[in-house]
Amino acid sequence: MSVLDRFRLDGRTALVTGGSRGLGRAMAQALAEAGADLILVGRDPATLETARGELAALGRWVAVVVGDVGTPAGAEAACDAALNHGRSVDVLVNNVGGRRVDLPTEDFPVAEWQKLFDLNFTGALVCCQKIGRGMLDRRRGSVVNVTSIAGPVAIKGIRGRHYETAKAALAALTRSLAADWADRGVRVNAIAPGVFLTAPNRRWFGEKPDFRASFEARVPMGRLGEPDELGPAAVFLASDASSYVTGATLVVDGGFTLW
C-alpha cells in the first residue's frame, strides 16, 4: 500500500455531528473526497439537505439525521437514528460545540453553565458511548473529537469560560478513551482548531474589526484559518495514515498557542 493509499477511506462510513455547515461541513467534504460514505447530523433540515446533495455529487452515499446532539437525550436519539440506517459507523467526528454566552464566570447561572457544558462535552460523550460500542464489537474504528485551543489556554478578550472548561474536559476524555480502547482496536484522537473563518465568525468579526485585527496579530502566521484547511487533519486521524496514533491532539491554529 502506498503512502497516499493510507489516507483513503473507501468502504467506510463516517458520522459527522454538525456536518452540514462550518467546520463540520468542511471535514465532511474532506472525508467524502477521501472515499468515505457519510451520515450527517444537524439541527437544520434545509442545510442538511443542501449538504447531502453537494456531497452525494461526489459519488458517495450520504444520509442525514435531524437532531440536536447538544443535549444528552438528543445525542442518544441522533445516534439511534444514525444506526437505524443499517450502516456500521467506522469514523465518528464529534464536531458540535460553541461558546454562545459571554458572561463572567462569577455571574454564570449554574443551569445555563450545565446546558452549555452538555453542548460542548456531554453530547460528545454520549456519541462516543453509542457509536463506540459498535466499533469495540468490531475491533475497528476511529473517533475524532473536535476540542479547541481554548482547552489548554484561556482566550484573551472573551469570557464565557464554560467553553474552555468543557473543551479541556473533552481533551481529557479523548486521552482516557484512547487508553481504554487502544487494545480493542479503536483509536481516539482530537483536533484542536484555532479560529477559522466560518460564516458565523465572519459575521462576528465584521461587527468587531478591531478584535479581528488584534487576534490576527497574535497568530504567528498572521491570518485566521479557512475551513477547508481543517479537512485534511480529519482525514489523517480518521484513516490508516494515523494507524499508530491514539490519544493525540492535533493542533491546527496557525501557531497561536506557540506564544
Side-chain angles (χ1 to χ4, degrees), residues 1-41 51-63 82 85 87-95 128 131-132 134-136 138-147 149 174-175 177-178 181-194 196-198 220-221 223-255 257-258:
M1 179 182 293
S2 73
V3 168
L4 292 180
D5 286 339
R6 292 180 182 273
F7 289 85
R8 296 296 306 175
L9 292 167
D10 303 281
R12 302 184 198 181
T13 300
L15 188 159
V16 184
T17 67
S20 65
R21 51 185 153 187
L23 297 183
R25 175 65 178 80
M27 288 186 284
Q29 177 82 26
L31 294 168
E33 290 181 6
D37 293 330
L38 297 170
I39 302 174
L40 307 178
V41 180
R52 182 191 350 218
E54 292 170 348
L55 293 166
L58 298 173
R60 306 292 173 242
W61 176 87
V62 183
H85 284 288
R87 290 286 188 108
S88 297
V89 177
D90 306 289
V91 177
L92 168 63
V93 179
N94 283 312
N95 166 67
C128 286
I131 303 302
M135 293 180 177
L136 293 167
R138 294 187 299 275
R139 301 189 66 82
R140 179 181 177 86
S142 175
V143 177
V144 181
N145 292 321
V146 180
T147 59
I149 59 169
T174 298
R175 294 190 298 272
L177 289 181
W181 292 358
D183 64 350
R184 301 170 69 185
V186 179
R187 297 183 299 107
V188 187
N189 293 290
I191 299 174
F196 282 75
L197 289 171
T198 59
M221 292 183 70
R223 64 178 179 86
L224 305 181
E226 294 292 341
D228 63 2
E229 293 182 290
L230 198 65
V235 171
F236 170 66
L237 292 177
S239 70
D240 291 341
S242 60
S243 59
Y244 198 54
V245 179
T246 196
T249 294
L250 179 55
V251 179
V252 186
D253 70 348
T257 50
L258 294 175

Q: Is a side-chain donor or acceptor of Thr147 paired with a backbone partner of Ile191 at a separation under 3.5 angstrom?
A: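 At least one qualifying donor-acceptor pair exists.
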Q: Under 4.5 Å between any side-chain heavy atoms of Arg25 and Leu55, yes or no?
A: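 Yes. Closest side-chain heavy atoms under 4.5 Å.
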Q: Is the backbone N or O of Asp183 less than 3.5 Å from a side-chain atom of Arg139, with the two atoms forming a donor-acceptor pair by type?
A: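 Checking the backbone N and O of Asp183 against the side chain of Arg139, a donor-acceptor pair under 3.5 Å is found.
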Q: Classify the ring geometry between His85 and Trp61 as parallel (under 30°), tilted (30 to 60°) or perpendicular (over 60°).
A: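 Correct class here is perpendicular.
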Q: Please find the pair of heavy atoms, one from Val143 and one from Val186, that lie closest to each other, and give the distance.
A: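 Minimum heavy-atom contact is CG2-CG1, 4.5 Å.
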Q: About how many Å separate CG of Leu230 and CZ of Phe196, when rounded to the nearest 0.5 Å?
A: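 Interatomic distance, Phe196 CZ to Leu230 CG, rounded to 0.5 Å: 4.5 Å.
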Q: Tell me, do Asn145 and Cys128 make a side-chain contact under 4.5 Å, heavy atoms counted?
A: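 Yes. Closest side-chain heavy atoms under 4.5 Å.
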Q: Under a 3.5 Å cutoff, is there a donor and acceptor pairing between the side chains of Asp240 and Ser243?
A: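 No, Ser243 and Asp240 have no side-chain donor paired with an acceptor closer than 3.5 Å.
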Q: Give, for atom CE of Met1 and atom CZ of Arg8, the distance between the pair rounded to the nearest 0.5 Å.
A: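 CZ of Arg8 is found 11.0 Å from CE of Met1.
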Q: Which heavy atom of Val235 sits nearest to which heavy atom of Ala34, and what is that distance?
A: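 That closest heavy-atom pairing would be CG1-CB, 4.0 Å.
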Q: Identify the two heavy atoms, one from Ala248 and one from Asn189, that lie closest to each other, and give their separation to 0.1 Å.
A: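 Minimum heavy-atom separation between Ala248 and Asn189: N-OD1, 2.9 Å.
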Q: Would you give the length of the straight line joining atom CG of Asp253 to atom CG of Leu258, rounded to the nearest 0.5 angstrom?
A: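 Separation between the atoms: 6.5 Å.
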Q: Of the non-hydrogen atoms in Thr249 and Ala192, which two are nearest, and what is the gap between them?
A: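 Looking at all heavy atoms of both residues, the shortest contact is CG2-CB, 3.7 Å.
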Q: Do Thr17 and Asn94 come close enough that some side-chain heavy atom pair is under 4.5 Å?
A: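 Side chain of Thr17 against side chain of Asn94, heavy atoms only: contact under 4.5 Å found.
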Q: Considering only heavy atoms from C-beta outward, does the side chain of Leu31 approach that of Val16 to under 4.5 Å?
A: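 With C-beta onward as the side chain, the pair touches.
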Q: Contact between Leu197 and Arg223 at the side-chain level, heavy atoms closer than 4.5 Å - yes or no?
A: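 No. Closest side-chain heavy atoms not under 4.5 Å.
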Q: Verify the neighbour count for atom CZ of Arg6: are there more than 12 heavy atoms of other residues, nucleotides or ligands below 6.0 Å?
A: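 Counting other residues, nucleotides and ligands, CZ of Arg6 stays at 12 neighbours or fewer.
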Q: Mark yes or no for whether Arg60, through its side chain, and Ala32, through its backbone, hold a donor-acceptor pair below 3.5 Å.
A: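 Yes, the answer is positive, given that a donor and an acceptor are paired below the 3.5 Å cut-off.
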Q: Nearest 0.5 Å, please: how far is CD1 in Ile131 from CG in Leu92?
A: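 The CG atom of Leu92 sits 6.0 Å away from the CD1 atom of Ile131.
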Q: Quick one: CH2 on Trp181 to OG on Ser142, what's the gap to the nearest 0.5 Å?
A: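 Interatomic distance, Trp181 CH2 to Ser142 OG, rounded to 0.5 Å: 11.0 Å.
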Q: What distance separates Thr257 OG1 from Ile149 CD1, expressed to the nearest 0.5 Å?
A: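 Thr257 OG1 to Ile149 CD1: 6.5 Å, rounded to 0.5 Å.
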Q: Quick one: does any side-chain atom of Thr13 pair with a main-chain N or O of Val89 as donor and acceptor, under 3.5 Å?
A: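 No, because the side chain of Thr13 does not come within donor-acceptor range (under 3.5 Å) of the backbone of Val89.
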Q: If only atom types and distance count, is the side chain of Arg187 paired as donor or acceptor with the main-chain N or O of Ser242 below 3.5 Å?
A: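 The answer is yes, because a donor-acceptor pair under 3.5 Å joins these two groups.
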Q: Kindly give the heavy-atom pair with the smallest separation between Val144 and Leu237, and that separation in Å.
A: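 Between these two residues, the closest heavy atoms are CG2-CB, 3.9 Å.
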Q: Between the main-chain N or O of Leu23 and the side-chain N or O of Thr198, is there a donor-acceptor pair closer than 3.5 Å?
A: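 Checked: no pair found.
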Q: Considering all heavy atoms of both residues, which atom of Ala28 and which atom of Leu40 are nearest to each other, and what is their separation?
A: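 Heavy atoms only, the tightest pair is CB-CD2, 3.8 Å.
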